[in-house]
Each structure stands twice: as C-alpha cells, then as structure tokens.
Amino acid sequence: MKKCQYFSYELLHEDKNCGARYGVIHTIHGDVYTPMFMPVGTCATVKYISPEELYDMNSQVILANTYHCWLRPGEDIVNYAGGLHKFMNYKRPMLTDSGGYQVFSLSKNRKISEEGVKFKSHLDGSPLFLSPEKSIEIQNKLGADIIMSLDECPPYPTTYDYMKKSIERTLRWAKRGQEAHNNEYQALFGICQGGEYEDLRKYSTTKTVEMDFDGYSIGGTALGESKDVMHKMIEYTVKYLPKDKPRYLMGVGTPEDLLEGVLRGVDMFDCVLPTRIARHGSILTTYGKINIRDKKYEKDLSPLDKECDCYTCKNYTKAYLRHLYKCDEGLGKRLLSIHNLRFLLRLSEDMRKAIQEDRFLEFKKEFMDKYGQGKPTTLIK
RNA sequence: GGGAGGGUAGCGAAGUGGCUAAACGCGGUAGACUGUAAAUCUAUUCCUUAGGGUUCGGCGGUUCGAAUCCGUCCCCUCCCA
C-alpha cells in the first residue's frame with residue numbers, strides 16, 4: 001500500500017450551533033474548500049460542459065467513473081494520455097468512483113462473489129470481472145486525486161442479514177483494495193455502508209475507520225428511502241467518523257439534501273441530478289424547481305433565476321432556453337446544465353460562508369423558506 | 001380529353017361491415033429523474049357540464065349496424081394525349 005503524502009484535510013471552522021463544518025482539502029492539483037458539491041463526469045466529461053465552463057462556475061473537484069472509463073476508452077489509453085487530467089484537459093482535482101454504484105445500478109447484469117463482481121457489459125453484454133484489486137488498479141492508472149474503495153451498494157431496503165454479510169465483505173474488499181493501492185499521488189477513501197440499521201452503520205464505520213483511510217464515504221443513501229431514514233443513515237455514520245478526515249456523502253443530491261447533509265457534518269457531495277435533470281428541462285431556482293418545457297415560459301424574457309449569477313442567467317431568457325429545449329438543441333442542454341451546476345456550487349459557497357459566520361442554521365432556514373415557495377420537490381417517495 | 005391511385009384526429013399513417021373514438025409514429029401538454037445502461041422514462045392528447053355528444057372529403061342511399069358497401073359531387077397525385 002502506498003500512503004498518499006500529497007493529500008490532507010484541514011478543519012478550519014465548526015459552526016457553533018450545529019454539526020456543519022468548513023474545511024480545506026489540499027491536493028497536488030490545488031486546494032478545494034468544503035462543504036462542496038462535485039459535478040459528475042462519468043465518461044471523463046461532465047456531459048455538455050467544457051473544463052473552462054467548469055472553472056467559470058467555480059467547480060472544484062469533478063468525478064469520473066471507473067466502470068465507464070474501464071470500458072471506454074480503457075484505463076491504459078487514459079494512462080498513455082497522461083492520466084485523466086491531461087486526457088480531458090481538466091486542471092483541478094478529480095475523484096473516481098470505484099464501480100461500486102454499478103454493483104447496484106447494473107444489478108440485473110451482475111453477480112457478486114467474495115472475489116469480486118461479474119458484470120455483463122451494458123454496451124455489448126460481454127463478460128467483465130471487477131475485483132477490489134482491479135478497481136484500484138484501474139483507478140491508479142486513471143490517476144484521479146481521490147479514489148474509492150470498491151464496495152457493494154445493496155439496494156434499499158435490504159434485509160439485516162444480507163446487509164451484515166454485505167458490509168463484512170465490503171470491509172474485506174476495502175482491505176484488499178488498500179493493499180493493492182500503488183499510486184502515492186492518490187488519496188484512497190473507504191466507504192461505509194449498513195443501510196438503515198444503526199448497529200451495522202456503526203460497525204461498518206468503526207471498522208472502516210480502523211483501516212485509516214484518507215477520507216470516508218457514506219454509501220447506500222438516496223436509494224429510495226425516506227428523508228428521515230436518509231438523515232438517520234448519515235447520523236449513524238458521521239457519529240463514528242474522525243474529525244480530521246473529509247466525509248463524502250455519495251450520490252447526493254438535491255439542494256435540501258445538501259443542506260441536511262452539511263448540517264450533520266458532511267463535507268463532500270456529488271450527484272448526477274443537476275446535469276441529468278437539466279438535460280430533461282428541469283431547473284433548480286431560488287424559488288423552487290421549474291420545468292423550462294412548460295408553455296408558460298413561451299414568452300418569458302426573464303432569466304431562469306433572477307438571483308443567479310451563472311453565465312446562462314446573465315445572457316439568456318427563459319423563452320430562448322425553452323425554444324432550444326423544444327428543438328432538442330445541444331446548446332440548450334449545455335446552458336441549462338451550466339445553470340443547475342452553478343446553482344449547487346453557489347449553494348456550497350453560501351453554505352461555507354454561513355458556517356464561517358456561525359449562522360448555518362439561519363441560512364438553511366432562509367434558503368428553504370424561499371426554495372419551498374416553488375413547486376415542492378418530491379424526489380423521494 | 002383518356003387511364004390509374006388517393007382524400008382517416010394538428011401532421012404522417014393503419015384500419016376495408018359490429019371487438020373502432022379509431023392502431024402506430026411525429027407534434028402538443030404535463031410529470032419523473034440523487035456515487036449516469038438516462039438527448040431517458042411515464043401520463044395525457046376530438047368535444048364534454050363526464051350523463052353523454054359529434055367524427056374518418058361533401059351530400060344521399062343500402063344495412064339491425066358504415067371510416068369500411070352503393071350512387072353522386074368536390075379536391076389531390078401520377079401516367080398517356
């Protein structure tokens with residue numbers, strides 16, 4: 001195992017009134033401030049968005065996905081090109097997911113064993129085998145600043161017995177991945193699972209922490225559980241995490257989920273939501289979610305969100321964006337994605353500021369008072 | 001002037017006596033989307049006071065029953081003169 005000497009986390013300030021924390025992560029590609037939202041670029045690109053546009057919207061870390069990059073173009077080609085940063089011309093820090101989420105999302109096409117996961121490629125059905133060692137090997141070649149240990153992400157709900165077996169196996173996989181890790185420039189995060197079961201969350205978390213990772217991820221949330229359950233999953237995990245390491249809530253989420261996570265001491269988030277829903281016409285605004293497709297915006301010459309400072313809001317009207325959307329023009333998807341990403345990045349900035357001033361709770365209430373005035377967002381049944 | 005084929009919902013297009021208010025596609029109107037198998041998926045789309053009402057170029061027939069059969073008129077496309 002190669003321990004990373006180029007990665008560290010500093011807790012700069014804790015809000016006096018809640019668990020929210022402001023910090024900085026040092027990497028060889030620069031410093032990033034937390035709490036932060038990380039845009040997802042599964043196939044080594046944030047869909048429709050260039051690196052320059054990401055810098056402009058003050059994006060810090062972006063993600064790429066091990067499973068997808070493994071299939072195309074292949075980790076050796078990325079490595080030959082000089083790693084993900086050079087390959088895709090992104091100069092800021094990057095993170096790769098381990099393929100653990102595909103253990104969940106491709107569940108119809110895979111089989112889990114102690115050794116690893118057998119997949120059928122979603123592209124052509126060809127057989128694939130991903131082990132903890134293989135995942136780390138691929139990620140070592142991809143060269144992101146932060147990499148993830150391969151985990152099993154069981155669906156929600158999962159029985160207690162299965163979850164117990166699953167977290168035991170994920171712990172063994174974590175150990176194997178740690179031993180396989182062979183790139184001193186990369187920080188390795190362990191992933192805590194355990195579903196909604198308090199004792200399993202505690203067990204998974206404390207055992208993972210004992211292995212001394214560079215940071216800790218909270219997995220298994222936002223899989224269809226209620227908000228209450230999600231909040232409990234976060235609490236059951238954060239409780240056992242060390243203060244001097246970053247905490248990453250994987251796959252989350254909505255503006256309200258970010259606020260709830262930060263309130264409970266989470267530092268990092270990622271989610272496909274802003275980009276995916278943008279491509280489908282849904283827009284996050286200060287006053288709630290809207291759909292640009294709706295006829296009421298046909299002649300609306302105002303920006304998507306009057307309080308937004310993004311490139312799209314500074315330059316384009318709803319009427320034009322609606323037109324682009326309805327014509328299925330790529331520029332529409334790009335402009336809408338820019339807005340939604342900037343919305344969550346700006347929310348992150350505002351949260352950091354509020355925490356430094358010990359007024360996170362007030363900020364959260366003010367934000368939700370406005371955001372809730374729009375159409376209620378029922379993202380989880 | 002002669003011959004042939006057509007006119008079905010906003011558009012394209014099935015259907016050729018009852019199971020047809022009428023397949024399907026597009027377009028329209030809405031909804032969903034949380035570590036991306038996602039430029040995807042779902043609902044809805046003649047009118048309606050929800051009981052019904054009015055439709056398949058127009059009009060008139062045949063029939064218990066017609067978008068479907070018959071007559072006639074209008075219009076469109078192609079070929080020959």
Side-chain angles (χ1 to χ4, degrees), chain A residues 37-48 61-69 71-72 95-110 119-125 128 135 139 144 146-153 156 189 191-193 217-227 230 233 248-258 260-261 266 268-284 289-298 322 324-334 336-337 340 344 375-381:
Chain A
F37 176 78
M38 307 183 287
V40 180
T42 306
C43 299
T45 173
V46 177
K47 293 185 192 299
Y48 289 90
V61 177
I62 63 167
L63 267 71
N65 190 279
T66 295
Y67 170 80
H68 297 264
C69 292
L71 266 57
R72 288 189 305 203
L95 182 155
T96 44
D97 180 30
S98 61
Y101 186 72
Q102 281 63 46
V103 177
F104 163 75
S105 67
L106 298 175
S107 60
K108 283 178 192 155
N109 292 316
R110 60 100 176 107
F119 287 98
K120 272 189 184 168
S121 162
H122 72 281
L123 299 173
D124 61 7
L128 300 164
S135 172
Q139 294 187 77
I146 303 168
I147 67 175
M148 292 295 127
S149 183
L150 182 68
D151 65 325
E152 181 189 358
C153 180
Y156 177 86
F189 279 31
I191 302 177
C192 310
Q193 291 283 351
S217 303
I218 306 166
T221 66
L223 301 177
E225 75 281 11
S226 71
K227 295 281 185 194
M230 187 204 276
M233 288 172 168
Y248 166 26
L249 182 57
M250 306 179 86
V252 171
T254 65
E256 55 269 51
D257 289 345
L258 262 57
E260 296 294 341
V266 173
M268 304 159 69
F269 303 85
D270 81 283
C271 195
V272 302
L273 191 92
T275 43
R276 181 186 288 168
I277 69 174
R279 276 178 273 127
H280 300 161
S282 290
I283 306 304
L284 304 169
K289 217 170 73 172
I290 67 169
N291 197 319
I292 197 63
R293 187 223 302 116
D294 290 359
K295 192 172 179 63
K296 59 187 166 193
Y297 303 121
E298 194 174 30
R322 177 176 192 269
L324 291 178
Y325 179 81
K326 299 213 58 133
C327 293
D328 198 23
E329 286 290 342
L331 179 61
K333 296 179 202 305
R334 179 158 134 233
L336 296 175
S337 295
N340 275 356
L344 292 185
K375 207 169 277 181
T377 52
T378 51
L379 290 164
I380 292 171
K381 287 111 202 161

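Worth saying up front: this structure is predicted, and the values here are computed from it rather than measured. First the proteins, then the strands, lettered A, B, ... as listed; each starts at 1.
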With rounding to whole Å, what would you report as the distance between [N] and [M] at their [atom1] atoms?
N	M	atom1	value
B:U20	B:U54	C1'	15 Å
B:U8	B:G15	P	14 Å
B:G27	B:C11	C1'	7 Å
B:C56	B:A22	P	15 Å
B:U68	B:U55	P	13 Å
B:G61	B:U42	C1'	47 Å
B:A67	B:G3	P	31 Å
B:U77	B:G25	C1'	23 Å

Could you tell me which nucleotide pairs with [N] by Watson-Crick or G-U wobble geometry, both distances under 3.5 Å, or answer none if nothing does?
N	answer
B:U68	none
B:C24	B:G12
B:G35	none
B:U77	B:A4
B:G51	none
B:U63	none

Expected output: side-chain [X] to main-chain [Y] donor-acceptor under 3.5 Å:
X	Y	result
A:Ser98	A:Ser149	yes
A:Gln139	A:Met148	yes
A:Asp270	A:Met38	no
A:Glu298	A:Lys296	no

Categorize [X] for me: base, sugar-phosphate, or nothing, with a 4.0 angstrom heavy-atom threshold over every strand shown.
X	answer
A:Glu329	nothing
A:Ile191	base
A:Arg322	sugar-phosphate
A:Ser282	base
A:Cys153	base
A:Asp270	sugar-phosphate

Once you round it to whole Å, what is the distance between [atom2] of [N] and [atom1] of [X]?
X	N	atom1	atom2	value
A:Tyr67	B:A37	OH	P	8 Å
A:Lys108	B:A38	NZ	P	14 Å
A:Ile283	B:A32	CD1	P	13 Å
A:Ile277	B:A32	CD1	P	10 Å
A:Asp294	B:A32	CG	C1'	13 Å
A:Lys296	B:G28	NZ	P	18 Å
A:Tyr156	B:U34	OH	C1'	16 Å
A:Leu273	B:C33	CG	P	8 Å

Between A:Ser121 and A:Asp124, does any side-chain donor sit less than 3.5 Å from a side-chain acceptor? yes
Please name all residues satisfying ring-ring contact (aromatic ring centres under 6.0 Å, His included) with A:Tyr48, sequence neighbours left out, ordered by chain then number. none
OP1 or OP2 of [N] less than 4.0 angstrom from a side-chain nitrogen or oxygen of [X], does that happen here?
X	N	value
A:Gln102	B:A37	yes
A:Lys289	B:C33	yes
A:Thr254	B:U34	no

Under 3.5 Å, which N/O atoms of the protein pair with N/O atoms of nucleotides 39-42 of chain B?
unit_1, atom_1, unit_2, atom_2, d
B:A39, OP2, A:Arg279, NH1, 2.8
B:A39, O2', A:Asp328, OD1, 3.4

May I ask you to verify whether the side chain of A:Asn65 and the base of B:G35 hold a donor-acceptor pair under 3.5 Å? no
Tell whether A:Thr275 reaches the base of B:U36 with its side chain through a donor-acceptor pair below 3.5 angstrom. yes
Once rounded to the nearest 0.5 Å, what's the spacing between atom NZ of A:Lys47 and atom CZ of A:Arg276? 9.0 Å
Derivation of the side chain to side chain contact (heavy atoms under 4.5 Å, CB included) call for A:Met268 and A:Phe189: CA-CA 12 Å; A:Met268 304 159 69; A:Phe189 279 31; 3.9 Å; yes
Of all the nucleotides listed ([options]), which has the minimum atom distance to the side chain of [X]?
X	options	result
A:Asp257	B:A37, B:G35, B:U34	B:U34
A:Thr42	B:U36, B:U34, B:G35	B:U36
A:Val252	B:U34, B:G35, B:A37	B:U34
A:Tyr101	B:A37, B:A30, B:C33	B:A37

Glycosidic class, syn or anti, of B:G57 using a 90° window around 0: anti
Check this for me, if you would: do A:Arg322 and A:Asp294 make a salt bridge, where the nitrogen-to-carboxylate-oxygen distance has to be below 4.0 angstrom? no
Between A:Tyr67 and A:Tyr101, does the ring centroid distance fall short of 6.0 Å? no
